[in-house]
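First comes the structure, then the notes that go with it.
Just the heavy atoms: all of them, side chains too, but no hydrogens, waters or symmetry mates, feed the values below. Here is how names work: the chains are called A, B, and so on, in the same order as the sequence lines, proteins then strands, and each is numbered from 1.
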Amino acid sequence: MNKPNLKASDFKSDLTPIWCPGCGDFHVLMSITRALAATGRPPEQVAAISGIGCSSRIPAYTNCYGFHGVHGRALPVAAGLKVARPDLTVLALSGDGDGFSIGGNHFLHACRRNIDMTYIVMDNRVYGMTKGQPSPTTEPDWDSALSPGGTGLSPFHPLVIALASGANFVAREFSGDIKGCTATIAEAIRHPGFSFVEILSPCVTFRPDEREWKGKVHKASVPETDDPARAARRIMTDDGMNTGILYRGKRRPYHTSVSDEAGDIAALETRFEI
Amino acid sequence: MLRALNYRKLVLEYMIWVNRQIHHAGGSRMADTRSARENVSFAVVGTGGKGAITAGAILLEAAGKGGWHGLLTRSVGPQIRGGEAAALVRLATKPAFTMARDFNILVALDWKNADRFISAMPVARGGLVIADPASGSAPRAVQEASCTIAEVPIAALAKEIGGGRENMVAVGLVARLVGLEEEAVMEVIAARLGRKGRAAVDSGRACLEAGMEAAEALVPAFPLAPAPERDSPRWLITGNEAMGLGLLRGGIRFAAAYPITPATDLLEYLAPALSRIGGALLQAEDELASINMALGASFGGRPSVTATSGPGLALMMESLGLAAASETPVVVVDVMRVGPSTGIATKSEQSDLNIAVHGFHGDAPHVVLAPLGVADCLFVGQWAVHLAESLQTPVIVLSDQSIGQARVVIDRPADMQFLTRRKAFRATGEPYLRYALTADGVSPMAIPGQPGGQYTADGLTHAQSGAPSSAAKDQSEQMAKRARKIELFDFGDYWGEIEGPEEAETVILTWGSMAGAAREALGGDTRLIALRLISPLPVGQIQPALKGAKRVLLVEQNASGQLYRHIRAHMDLPGEVRQLNREGPDLIGPQEIAATLRDWSPA
Ligand SMILES: Cc1ncc(C[n+]2csc(CCOP(=O)(O)OP(=O)(O)O)c2C)c(N)n1
Ligand code: SF4
Ligand SMILES: [Mg+2]
């Protein structure tokens, strides 16, 4: 049941976000509400599920049904909801710490499972909410109080991992490009199966250097592909600032149906009768 | 029927040989041939894959069809395949709650690895051991027991029959020794082997007959007393199956699953059953996921469950706190096993009471239940869903391996009806307050899809609307509301069972599965109080039930006396109090409880 003429404002709640002025997540919120308006699902038929972090605060700032769970577990909550209620549009929302560190295992299995939902990770390459610790996507030499001199660890490559694990739609966007984000999120929602959108979303407070992303990002120079090997090669060799839809696959989504009326429960007894 | 004739001749030859091989150990005479018994217990052991457990299951089912009661537990070694396996079976004329302490009949398909496990199935005085001489001599524990050892070439008998299986010969041996009718046993075998075709059924019959004939030389051995008239339909069911059915009756439509012994069979029961009734089961990547999947589905309006054992429950604790704070209904069944850590996965203990009651961080009122036996799993499963949905709270059910994996003949339990309904949201045009402060503490819950009901379920402290808040007032009001909904709820008469005289000087106080052993230990002037509702502790019901008590014995299967401490945190106990408790896997049995009471005679 889609409604025409929905506006982005129909998807906004009247809560004021707690974010720092200039935080990239403001733009992500704006893009999500615009994309939802474009898909035509009314807000009560959309559920936004998140974990913990600055970015994970988004659900309450929308006028959709929301579930702000515990750190790292947005994806399993979203999976349970979508399997139980296939009629809903389900968005899962995380930060890079939430999605790739504490929730990293769920990320792999959500890609494998390919349930029809959209997973948006606001990647600021830092733990914003806990005030500036390195995350799995942080550069190895980024200095911080918790890891002086840097972690020395190789950064996690979410897009390649999503591809290798079976995600059906893979894209990268930059929060400042609201038009691009809106279009890609809307496509991700429309595409069946598990859609993954990494949004580079600067943390202006703990990563002020990320303000420079604006000048570094650029649209992917080649069109999207449905060949995962080719997409993986491109993503592995690009500069990490390449935006747009990078892969759109054809895997069949996970299928279940849960009916509103329970079947014949009394009939389950017969196997125990002697 | 040339083949059949040949094999009959063979059996005759063996029979003579069987007779010659009988010898007497420990000074006992021939196998005990006293008159009919109210209880007969037997064990069938063999290398895994030989079908010892199937043999026990067939015999139990045949006895159940014949009107007897009974109980089967499995004992399996740590190896996944090829390890030893044993079916322990007790047949009885009355309902059986606990496994026998020792066994009248022990059939060994082979003695491989027997030294490792034979102590778990001691042969009763005057018992009968049947073993295949081809597998070597009996372990010392058996040779030294005062029992009769009869050698029957089980493998050779099976081999003579095309497609013959040793375990089916064992079925025939035991059936004859306890007095089950061939046709009753055959009916069960045919139902099991039917889909494998006619030849399989025929060879099953041939094995059964071979076993029965081979046992001829040993009878009468342990004949069961006639079964009492059946007054209600009977079920053959495990605790895990009964729990699963109860959950479905309660309204469960979604389950999330991560395998763990001894809860896996509950999840494996639910998978096809849910798809049959139009629900779904989702296999998770771990228990962190399974509990959150259940929360997601429940948020979506579907009553949801997950099942696990101690290690999995420990992983779920943070998210159970989320369920409490966000007021999302969910049922978690913990089929307890020996802990801590990986412990002994296949054996029972009642040692997760502490984590279930106290394991949440913060103050998180919730409900903890424990089924009082296999049949009660059905009720508790259904009740748990009712409570979770009515109170919008997590409910933890503490079942355990000793009942979850016991297969038992029970009277069909009475149907229960609960008016299970979440307090529903209806759009009024006013702003919706998901966490509205209501008199009973339960607030109307909107379901995604309902226009005007949009809210964000949150584990953050929140205002009535659900909006995050760090105000002391919101924390206090919401805390009080969540406590109130559980404090004010009427749990009715379901909190526990009281058996025995109205007033008694001696009271056994126990919980969960231990109720079975306590019930069998009850003497004339002893009273039993068995708790099904663990948290909130039903102090107002326990106190009057203890009226007149001078001696209170607390019985539980854990090392530290977890129920005892839980009770003492809430109330005083009258008179002299003693504890009978220890860790698993050595289960506290009725004899031990009775002996403890006997030795505690009033001065
Ligand atoms: C189990 C648990 N561990 C740790 C925390 C503390 N914590 C809160 S948010 C967060 C990291 C958030 O980082 P990210 O997901 O990148 O989100 P951001 O704030 O950067 O948007 C951590 C570690 C927590 N809430 N729960
Ligand atoms: S700390 Fe960083 S991520 Fe968090 S709100 Fe501020 S700018 Fe945004
Ligand atoms: Mg981050």
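In summary, the aromatic rings of Phe196(A) and Phe169(A) are positioned with their centroids too far apart to meet the 6.0 Å limit.
Under the 3.5 Å distance criterion, the side-chain polar atoms of Thr238(B) are matched with a main-chain donor or acceptor of Glu241(B). Side-chain atoms of Asp10(A) come within 3.5 Å of backbone N or O of Lys7(A) as a donor-acceptor pair. Panel note: side chain Ser101(A), backbone Asp98(A); no donor-acceptor pair is recorded below 3.5 Å. Not a single donor-acceptor pair under 3.5 Å links the side chain of Arg234(B) to the backbone N or O of Gly64(B).
Near-neighbour residues of residues 446-453 of chain B relative to chain A, defined by a heavy atom under 4.5 Å from a heavy atom of that chain, comprise Ala446(B), Ile447(B), Pro448(B), Gly449(B), Gln450(B), Pro451(B), Gly453(B). Listed in order of number, the residues of residues 247-256 of chain B that approach chain A to under 4.5 Å between heavy atoms are Leu248(B), Arg249(B), Arg253(B), Phe254(B).
For the 3.5 Å distance criterion, the side chains of Asp411(B) and Ser232(B) qualify, holding a donor opposite an acceptor. Between Ser55(A) and Asp25(A), the side chains place no donor N or O within less than 3.5 Å of an acceptor N or O (distance only, hydrogens not considered). For the 3.5 Å distance criterion, the side chains of Ser195(A) and Tyr119(A) fail to qualify, holding no donor opposite an acceptor. Remark: the Thr270(A) side chain and the Glu273(A) side chain contain no N/O donor-acceptor pair separated by less than 3.5 Å. For the residue pair Asp474(B) and Thr461(B), no side-chain donor N or O sits within less than 3.5 Å of a side-chain acceptor on the partner. For the 3.5 Å distance criterion, the side chains of Glu318(B) and His361(B) fail to qualify, holding no donor opposite an acceptor.
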Side-chain donor-acceptor contacts of residues 28-37 of chain A below 3.5 Å, not counting sequence neighbours, with atom names and distances?
unit_1, atom_1, unit_2, atom_2, d
Ser31(A), OG, His27(A), O, 3.0
Thr33(A), OG1, Leu29(A), O, 3.3
Thr33(A), OG1, Met30(A), O, 2.8

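The candidate from Ser465(B), Ser326(B), Ala280(B) with the greatest count of non-hydrogen atom pairs under 4.5 Å with chain A is Ala280(B). Residue with the most contacts toward chain B among Val90(A), Val70(A), Leu88(A), Leu75(A): Val70(A) (heavy-atom pairs, distance under 4.5 Å). Considering only heavy-atom pairs separated by less than 4.5 Å from chain A, the leading option among Asp415(B), Leu295(B), Leu288(B) is Leu288(B). Put simply, of Lys65(B), Glu61(B), Arg276(B), Gln283(B), the one with the most heavy-atom pairs under 4.5 Å next to chain A is Arg276(B). Comparing Leu108(A), Val46(A), Asn105(A), Leu15(A) by how many heavy-atom pairs each has under 4.5 Å with chain B, the most go to Asn105(A). In terms of heavy-atom pairs under 4.5 angstrom with chain B, the leader among Arg271(A), Glu261(A), Arg113(A) is Arg113(A).
For a residue to count as touching a neighbouring chain, one of its non-hydrogen atoms must lie under 4.5 Å from one of that chain's; by this rule Ser275(B) does not touch chain A. Residue Val188(B): no heavy atom, backbone or side chain, is found under 4.5 Å from chain A. Neither the backbone nor the side chain of Ala48(A) comes within less than 4.5 Å of any heavy atom in chain B. Residue Tyr432(B) does not touch chain A at all, counting heavy-atom pairs closer than 4.5 Å. Proximity to chain B (any heavy atom under 4.5 Å) is shown, for Ala78(A), by neither the backbone nor the side chain. Contacts between Asn63(A) and chain B at a heavy-atom distance below 4.5 Å involve backbone atoms as well as side-chain atoms. For Leu236(B), the parts sitting under 4.5 Å from any heavy atom of chain A are the backbone and the side chain alike. Contacts between Arg434(B) and chain A at a heavy-atom distance below 4.5 Å are absent for every atom of the residue. When heavy atoms are compared at a cutoff of 4.5 Å, Arg112(A) does not approach chain B at all.
Within the 4.5 Å cutoff, side-chain heavy atoms of Pro329(B) are placed close to those of Met445(B). Residues Asn240(B) and Tyr269(B) fail the side-chain proximity criterion, which asks for heavy atoms closer than 4.5 Å. Between Trp235(B) and Pro413(B), the closest side-chain pair of non-hydrogen atoms falls below 4.5 Å.
The minimum heavy-atom distance between Ala84(A) and Val258(A), with the atom names listed, is O-CB, 3.8 Å.
The salt bridge (charged side-chain N to carboxylate O under 4.0 Å, His left out) pairs that include a residue from residues 71-86 of chain A are Arg85(A)-Asp87(A), where partners are two or more places apart or lie in different chains.
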